[in-house]
Amino acid sequence: MVDGYAILPPRMDTPFRGTAKYIVSEELGRAVDVAVHLQRPLLLKGEPGTGKTLLAINLAAARGLPLERWQVKSTTKAVEGLYEYDTVRRLHDSRFGEGDVRDIAQYISLGPLGRAFERDERSVVLIDEIDKADLEFPNDLLHELDTMSFTISETGRTVTAGRRPIVIITSNNEKELPDAFLRRCVFHWIEFPDRELMARIVRVHHPDLEDELLGAALGAFYRLRQVDGLRKPPSTSELIDWISALRHSGMDAAKLLGAGLPFLGTLLKKEQDVETLQRVVRRGRG
């Protein structure tokens with residue numbers, strides 16, 4: 001343990017604290033441990049770029065578990081995570097005489113949650129950006145997440161989890177989630193990294209970065225995030241890309257301090273935010 005952070009141990013019976021490429025706070029590590037112990041989904045919220053998705057990926061890798069990723073979209077239905085019935089292929093086969101269309105099971109494919117239930121070994125299931133779906137989506141998942149079992153209505157087959165998977169759910173807070181769903185989750189808000197933690201994260205991606213350039217880049221980055229009116233403040237991924245651009249151009253700390261914000265397009269991704277920053281700069285000069 002170093003300053004409240006540590007490397008994620010690979011053993012199955014040891015607590016989660018982070019990997020060499022994914023540094024987490026001790027509080028988040030405890031949230032993971034509690035969710036696993038209680039066998040409840042872990043609901044992660046936080047602004048984009050705080051590593052919500054990477055937590056599940058690194059947890060699975062560190063514990064040597066299979067990962068099932070379910071990327072939620074606005075049109076996603078809860079049943080798609082369990083299984084899908086390919087009616088189009090069955091219709092095609094019935095019209096052109098390919099295969100025995102009476103065997104409906106051949107047209108059923110399990111979704112990410114269904115595959116995790118069917119697997120004999122434990123797995124990690126990432127339900128990513130659940131707030132993109134409609135309001136009924138979380139409620140439709142409640143029964144399956146509670147019982148870890150579902151029935152394929154077309155065949156009558158019931159799939160029950162042999163080992164309860166570790167379920168990680170992420171949300172960017174675009175929609176409120178139902179209270180009934182929230183009661184069944186362990187919740188954790190991922191704070192945006194402070195300067196000290198961000199420096200450690202950057203070092204993972206740029207281990208040979210000069211201290212002077214790192215300090216100057218972090219100073220400019222956090223000043224930019226404090227500009228009032230930004231619709232999408234730059235996140236960790238933008239900072240890492242920006243530093244890559246600075247290094248590629250040969251920018252040193254002294255030049256950066258006197259050059260404003262070069263390669264601004266790697267930090268700000270909305271025209272309105274660029275205009276907001278320009279107004280702030282003009283007011284400062286005036």
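Just so it is clear, the values below take in all heavy atoms, side chains as well, and ignore hydrogens, waters and symmetry mates.
At least one side-chain heavy atom of T158 sits less than 4.5 Å from a side-chain heavy atom of T160. Contact annotation: the side chain of E121 never approaches that of R163 to less than 4.5 Å [non-hydrogen atoms, C-beta and beyond]. With a 4.5 Å cut-off on side-chain heavy atoms, P112 and R69 do not count as touching. Here the side chains of F263 and L246 are in contact, with some heavy-atom distance below 4.5 Å.
By the 30° and 60° cut-offs, the orientation of the rings of F150 relative to Y83 is parallel.
Taking CZ from R90 and CG from D103, the interatomic distance works out to 9.0 Å, rounded to the nearest 0.5 Å. To the nearest 0.5 angstrom, L28 atom CG is 11.5 Å from K52 atom NZ. For the atom pair E80 CD and K73 NZ, the distance stands at 9.0 Å (nearest 0.5 Å). Here the CD1 atom belonging to I201 is positioned 7.5 Å from the NE2 atom belonging to H205, to the nearest 0.5 angstrom. Here L268 contributes atom CG and L261 contributes atom CG; the two are 8.0 Å apart, rounded to the nearest 0.5 Å. In this structure, CG on L55 lies 9.0 Å from CG on L126, to the nearest 0.5 angstrom.
Screening T76, T170, N172, T53 against E129 for a side-chain hydrogen bond (donor to acceptor under 3.5 Å, both in side chains) leaves a single residue, N172.
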Evaluation steps, side-chain contact (heavy atoms from CB on, under 4.5 Å), between E68 and V124
CA-CA 6 Å; E68 294 288 353; V124 175; over 6 Å; no
With side-chain contact (heavy atoms from CB on, under 4.5 Å) as the test, would you mind laying out the steps for L113 and L145 before giving the verdict?
CA-CA 9 Å; L113 200 55; L145 291 177; 4.3 Å; yes
Please report the C-alpha distance between R279 and T276 in whole Å, then the side-chain angles of each, then the deciding distance to 0.1 Å, and finally whether the side-chain hydrogen bond (donor to acceptor under 3.5 Å, both in side chains) criterion is met.
CA-CA 5 Å; R279 287 195 298 270; T276 297; 3.3 Å; yes
CA sep, side-chain torsions, deciding dist, call: Y222, F192, side-chain contact (heavy atoms from CB on, under 4.5 Å)
CA-CA 11 Å; Y222 281 100; F192 194 83; 4.2 Å; yes
What verdict does the side-chain contact (heavy atoms from CB on, under 4.5 Å) test give for L142 and F181, after you've listed the backbone C-alpha separation in whole Å, the side-chain angles of each residue and the deciding distance to 0.1 Å?
CA-CA 7 Å; L142 285 177; F181 178 79; 3.7 Å; yes
R203 vs D208, salt bridge (Lys or Arg N to Asp or Glu O under 4.0 Å): CA-CA, chis, key distance, verdict:
CA-CA 7 Å; R203 285 290 185 197; D208 57 343; over 6 Å; no
Pairs under 3.5 angstrom only: tabulate donor-acceptor contacts from the side chains of residues 36-45 to other protein residues two or more places apart or in another chain.
unit_1	atom_1	unit_2	atom_2	d
Q39	OE1	R164	NE	3.0
K45	NZ	N173	OD1	3.0

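The residues K77 and D140 are annotated as not salt-bridged, no charged nitrogen and carboxylate oxygen being separated by less than 4.0 angstrom. We find that D273 and K232 are not joined by a salt bridge, their nearest charged nitrogen and carboxylate oxygen being 4.0 Å or further apart. Under a 4.0 Å N-O distance rule, the pair R89/D86 qualifies as a salt bridge.
Annotation for P165 and R122: closest pair CA-CG, 4.4 Å, computed over non-hydrogen atoms. The shortest heavy-atom contact between K175 and A133 is NZ-O, 3.2 Å. Nearest approach of P178 to N139, heavy atoms of both residues: CB-OD1, 3.5 Å. The minimum heavy-atom distance linking A217 with W242 is given by the pair O-CZ3, 3.5 Å. The minimum heavy-atom distance linking E144 with F117 is given by the pair O-CZ, 3.8 Å. Of all non-hydrogen atoms in V125 and A116, the two that sit nearest each other are CG2-CB, 3.4 Å.
Within a 6.0 Å sphere centred on CG of D146, other residues, nucleotides and ligands contribute more than 12 heavy atoms. The number of heavy atoms from other shown groups lying within 6.0 Å of CD (E174) is above 12.
Under a hydrophobic clustering in which Ile, Leu, Val, Met, Phe, Trp and Tyr are joined whenever their side-chain heavy atoms come within less than 4.5 Å, directly or via other members, Y107 and L91 fall into different clusters. Transitive grouping of hydrophobic side chains (ILVMFWY, heavy atoms separated by less than 4.5 Å) brings W189 and L177 into a common cluster. Hydrophobic cluster membership is shared by V281 and L230, with clusters built from Ile, Leu, Val, Met, Phe, Trp and Tyr side chains linked at under 4.5 angstrom.
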